[in-house]
Amino acid sequence: MAFTSLPSVTIRTSISCPTMLLPDNVNSPPNINKGQRNLRDFTVPNAATLITPQEQPPTAAAPRYHVAWTSVPQERWQGHLHVQGHIPLWLKGTYLRNGPGVWHIGEHNFRHLFDGYATVVNLRFENGELVGGHRQLESEAYRSAKKNQKLCYREFSEVPKAANFLAYVGELATLFSGASLTDNANTGVVRLSDGRVVCLTETQKGSIVIEPETLETLGKFEYSDSLGGILHSAHPIVTDHEFLTLLPDLLKPGYLVVRMEPGSNERRVIGRVDCRGGPSPGWVHSFPVTQHYVVVPEMPLRYCAQNLLRAEPTPLYKFEWHPHSKAFMHVMCKTSGNIVASVEVPLFVTFHFINAYEERDQDGRLTAVIADCCEHNADASILDKLRMHNLRSFNGQDVLPDARVGRFRIPLDGSPYGTLEAALDPNEHGRGMDMCSINPNYLGKKYRYAYACGAQRPCNFPNTLTKLDFEKKKAKNWHHEGAVPSEPLFVARPGATEEDDGVVISIISERNGEGYALLLDGSTFEEIARAKFPYGLPYGLHGCWVPKA
């Protein structure tokens with residue numbers, strides 16, 4: 001099935017223009033498998049390409065809210081960005097960032113950060129120059145909402161309003177098959193080893209292939225296996241050699257650990273972990289790996305089928321907090337699928353694991369697995385703090401729940417208990433911690449540095465960029481009053497021998513409605529360049545780097 005392109009209008013001097021009504025007969029994107037491409041030239045030298053949506057949020061010049069929490073004011077744009085400072089000539093490739101960018105449809109306003117329709121941003125670096133842009137992801141959920149001017153699929157906290165009771169019962173029937181769940185892939189974006197770029201969320205159907213330079217939606221990524229299920233980890237582990245992810249089993253509580261080979265759409269089971277506590281699996285938004293093991297977290301914040309059925313969200317949305325079910329960490333061998341350790345650990349809440357590695361004694365014997373995460377002090381209220389009302393109504397009070405770098409030590413000597421402690425003093429990064437990245441060459445290995453979003457208090461959301469040094473147990477912080485930075489992504493310099501030799505890329509949303517791309521030196525953490533967008537972008541979640549071939 002062909003994907004119908006959208007009309008565009010070229011604006012050479014301003015981003016302001018009359019509203020354009022977009023066609024309602026946009027076809028569903030085709031299924032995309034290896035080798036299939038349908039690319040269109042979207043490069044517009046010395047000009048900006050702009051499409052405005054039917055519903056215009058407040059303009060960047062006079063935002064009603066902080067621009068970080070305001071819907072993007074047009075459906076797509078691309079143009080050259082003026083660079084202040086110096087972009088290293090070795091930096092050649094495309095930075096991609098995915099995240100929710102539209103929080104309203106028709107007269108309906110979404111309630112939670114995770115509900116917004118996906119907006120993909122790119123920054124194309126070459127020869128010290130920069131071309132930037134963004135584009136709405138053409139998911140079925142977004143197209144249907146745009147056509148009908150109402151919510152049509154179940155989002156993170158939103159449920160379509162049924163016309164009557166029979167319609168509600170029918171919608172529940174489709175819920176169990178996954179048909180009524182969103183494919184709004186607004187969480188992450190990954191580059192597979194064969195070059196395909198996929199946007200992801202926690203529903204398996206929300207796996208959508210895009211073209212990284214034009215940001216065009218190419219189609220659904222269809223898994224060719226028969227593993228079934230409706231959910232998976234939003235953050236797979238992707239390397240040049242494999243694709244690893246977790247599939248939670250809601251019926252017989254546990255997790256399938258699966259692998260997909262390069263160039264394939266078929267996932268194969270490595271092994272299974274059965275839950276040791278609770279009525280259902282713990283939420284597995286992300287997980288870490290070492291060189292030889294997959295670490296499967298079992299968090300007491302567990303999936304809840306009853307909450308999934310509700311028309312109105314609970315404070316924990318699709319989850320329930322079960323502290324009496326305890327918390328566990330499981331370690332599985334990548335090769336055999338055998339579980340080599342399953343230990344009880346202190347209660348924890350995390351969205352994002354940072355990295356893991358194998359600990360050895362002086363004689364080289366393997367003694368433990370170390371796993372680091374952004375840990376919210378076992379406080380599940382962080383989910384409710386991400387409601388749009390909370391984010392938009394900051395009044396100067398310090399309401400962001402504390403967080404730390406939680407370091408698990410999982411012994412491999414048969415001991416039944418593991419430990420969880422802070423890897424460094426949380427005051428080093430303002431007791432805020434999330435959205436981490438590392439040098440990808442150190443994935444699964446012992447490492448020294450991580451880059452994250454921290455806090456300068458008072459705040460209601462992470463508002464700094466921070467470089468963490470686990471050896472010195474110190475942090476360096478970048479902060480600009482009123483700015484909201486997105487996840488810092490580290491890009492290593494080709495041929496580098498030092499772990500922090502590279503640059504850190506983030507996109508900054510400013511309180512005055514403006515925004516810019518920011519480059520920091522990975523070693524000194526000093527600013528080396530910035531490039532202002534002609535408008536402020538809303539907050540984004542996760543990104544990836546696509547090197548230039």
(message) Keeping Ser280 on the side-chain end and Pro253 on the backbone end, is there a donor-acceptor pair under 3.5 Å?
(response) no

(message) Check whether Glu421 reaches the backbone of Gly406 with its side chain - one donor and one acceptor, N or O, closer than 3.5 Å.
(response) no

(request) For Asp425, check salt bridge (Lys or Arg N to Asp or Glu O under 4.0 Å) against everything at least two apart and list the hits. (result) none

(message) Going by ring-ring contact (aromatic ring centres under 6.0 Å, His included), name the pairs with one or both residues in residues 373-396, residues two or more places apart or in two chains.
(response) Phe351-His376

(message) Nearest 0.5 angstrom please: Met329 CE to Thr419 OG1, how far?
(response) 10.5 Å

(message) Run the side chain to side chain contact (heavy atoms under 4.5 Å, CB included) test against Asn477 and tell me which residues pass, sequence neighbours left out.
(response) His429, Thr464, Thr466, Ala475

(request) Identify the heavy atoms of Val484 and Pro462 that sit nearest to each other, and give their distance. (result) CG1-O, 4.5 Å

(message) With a 6.0 Å cut-off on the ring centroids, do Tyr447 and Tyr442 count as close?
(response) no

(message) Does any part of the side chain of Ser264, heavy atoms only, come nearer than 4.5 Å to the side chain of Glu266, both counted from C-beta?
(response) yes

(request) Keeping the roles fixed (side chain from Glu375, backbone from Asn377), state whether a donor-acceptor pair exists under 3.5 Å. (result) yes

(message) Within the 3.5 Å criterion, strictly below it, is a donor on Asp361 or Thr367 matched to an acceptor on the partner's side chain?
(response) no

(message) Before you tell me yes or no, could you show the steps for Val72 and Gln136 under side-chain contact (heavy atoms from CB on, under 4.5 Å), namely the whole-Å CA-CA distance, both residues' side-chain angles and the distance that decides it to 0.1 Å?
(response) CA-CA 9 Å; Val72 67; Gln136 287 302 118; 3.4 Å; yes

(message) Using every non-hydrogen atom in the two residues, find where Met433 and Ala403 come nearest and quote the distance to one decimal.
(response) N-CB, 3.7 Å

(message) Just so I know, are the side chains of Met388 and Asn109 near enough to count as touching, which here means a heavy-atom distance under 4.5 Å?
(response) no

(request) Using ring-ring contact (aromatic ring centres under 6.0 Å, His included) as the criterion, point out the one residue from Tyr255, Phe319, Tyr317 that pairs with Trp283. (result) Phe319

(request) Please report the C-alpha distance between Ser207 and Tyr223 in whole Å, then the side-chain angles of each, then the deciding distance to 0.1 Å, and finally whether the side-chain hydrogen bond (donor to acceptor under 3.5 Å, both in side chains) criterion is met. (result) CA-CA 9 Å; Ser207 303; Tyr223 299 98; 3.2 Å; yes

(request) Return the set of residues passing side chain to side chain contact (heavy atoms under 4.5 Å, CB included) with Ser342 (not counting sequence neighbours), or none when no residue passes. (result) Arg276, His330, Ile339

(request) Could you please spell out the steps behind the side-chain contact (heavy atoms from CB on, under 4.5 Å) verdict for Val296 and Glu298? (result) CA-CA 7 Å; Val296 180; Glu298 185 181 341; over 6 Å; no

(request) Check the angle between the aromatic planes of Phe461 and Tyr539 and answer parallel, tilted or perpendicular using the 30° and 60° thresholds. (result) perpendicular

(message) To the nearest 0.5 Å, what is the distance between NZ on Lys473 and CD on Glu428?
(response) 11.0 Å

(request) Only counting residues at least two apart or in another chain, list the ones meeting salt bridge (Lys or Arg N to Asp or Glu O under 4.0 Å) with Asp413. (result) none

(request) With rounding to the nearest 0.5 Å, note down the distance linking CG in Asn390 to CZ in Arg111. (result) 13.5 Å

(request) Name the orientation class of the two ring planes belonging to Phe110 and His108 (parallel below 30°, tilted from 30 to 60°, perpendicular beyond 60°). (result) perpendicular

(request) Step by step, work out the salt bridge (charged side-chain N to carboxylate O under 4.0 Å, His left out) result for Glu358 and Arg365. (result) CA-CA 10 Å; Glu358 297 159 17; Arg365 291 186 294 260; over 6 Å; no

(request) For the residue pair Val343 and Phe408, establish whether any side-chain heavy-atom pair is separated by less than 4.5 Å. (result) no

(request) Compare all side-chain heavy atoms of Cys333 with those of Tyr293 and state whether any distance is below 4.5 angstrom. (result) yes

(request) Answer yes or no: is there a donor N or O on one side and an acceptor on the other, between the side chain of Asn98 and the main chain of Gly188, under 3.5 Å? (result) yes

(request) Carefully, step by step, assess Asp500 and Tyr451 under the rule side-chain contact (heavy atoms from CB on, under 4.5 Å). (result) CA-CA 10 Å; Asp500 60 350; Tyr451 302 89; 3.3 Å; yes

(request) Could you tell me how the ring of His352 sits relative to the ring of His285: parallel (under 30°), tilted (30 to 60°) or perpendicular (over 60°)? (result) perpendicular

(request) Indicate yes or no for a side-chain donor-acceptor contact from Asn460 to the backbone of Val399 under 3.5 Å, with no hydrogens or angles considered. (result) no

(message) So, using salt bridge (Lys or Arg N to Asp or Glu O under 4.0 Å) as the criterion, who are the partners of Arg259 when residues are at least two apart?
(response) Glu242

(request) Under the side-chain contact (heavy atoms from CB on, under 4.5 Å) rule, what do Leu400 and Arg457 come out as? Steps first, then yes or no, please. (result) CA-CA 9 Å; Leu400 178 70; Arg457 306 285 178 158; 3.5 Å; yes

(message) Do Leu316 and Trp321 have side chains that approach each other closer than 4.5 Å (heavy atoms only, starting at C-beta)?
(response) yes

(message) Is the shortest side-chain heavy-atom distance between Asp225 and Val258 below 4.5 Å?
(response) no

(message) Strictly distance-based, threshold 3.5 Å: is any side-chain N or O of Trp103 a donor or acceptor partner for the main-chain N or O of Leu113?
(response) yes

(request) Is it possible for you to check whether Lys467 lies under 6.0 Å from the centre of the six-membered ring of Tyr449, through NZ or CZ, and within 45° of that ring's axis? (result) yes

(message) Please check: side-chain N/O of Thr182 versus main-chain N/O of Ala141, any donor-acceptor pairing under 3.5 Å?
(response) no

(request) Using a strict 4.0 Å threshold on nitrogen-to-oxygen distance, state whether Glu158 and Arg387 make a salt bridge. (result) no

(request) Would you name the heavy atoms of Pro236 and Val190 that are closest together and state the gap between them? (result) CG-CG1, 4.4 Å

(request) Evaluate the criterion salt bridge (charged side-chain N to carboxylate O under 4.0 Å, His left out) for residue pair Asp379 and Lys385; output intermediate values, then yes/no. (result) CA-CA 11 Å; Asp379 181 0; Lys385 294 297 184 183; over 6 Å; no

(message) Could you check whether any side-chain N or O of Ser437 sits under 3.5 Å from a backbone N or O of Pro488, counting only pairs where one atom can act as donor and the other as acceptor?
(response) yes

(request) Using the side-chain hydrogen bond (donor to acceptor under 3.5 Å, both in side chains) rule, take His232 and Thr245 through it: C-alpha gap first, then chi angles, then the decisive distance, then the call. (result) CA-CA 7 Å; His232 61 182; Thr245 194; 4.9 Å; no

(message) For a salt bridge (charged side-chain N to carboxylate O under 4.0 Å, His left out) check, start with the C-alpha distance between Glu320 and Arg302, then their side-chain angles and the critical distance, and finish with the verdict.
(response) CA-CA 5 Å; Glu320 277 190 338; Arg302 298 180 180 272; over 6 Å; no

(request) Using modelled atom types only, decide if a donor and an acceptor are shared between the side chain of Asn439 and the backbone of Glu499 within a distance under 3.5 Å. (result) yes

(request) Check whether any side-chain heavy atom of Leu541 lies under 4.5 Å from a side-chain heavy atom of Glu487, and answer yes or no. (result) no

(request) Flag the pair Val340 / Val369 as yes when at least one side-chain heavy-atom distance between them is below 4.5 Å, and no otherwise. (result) no

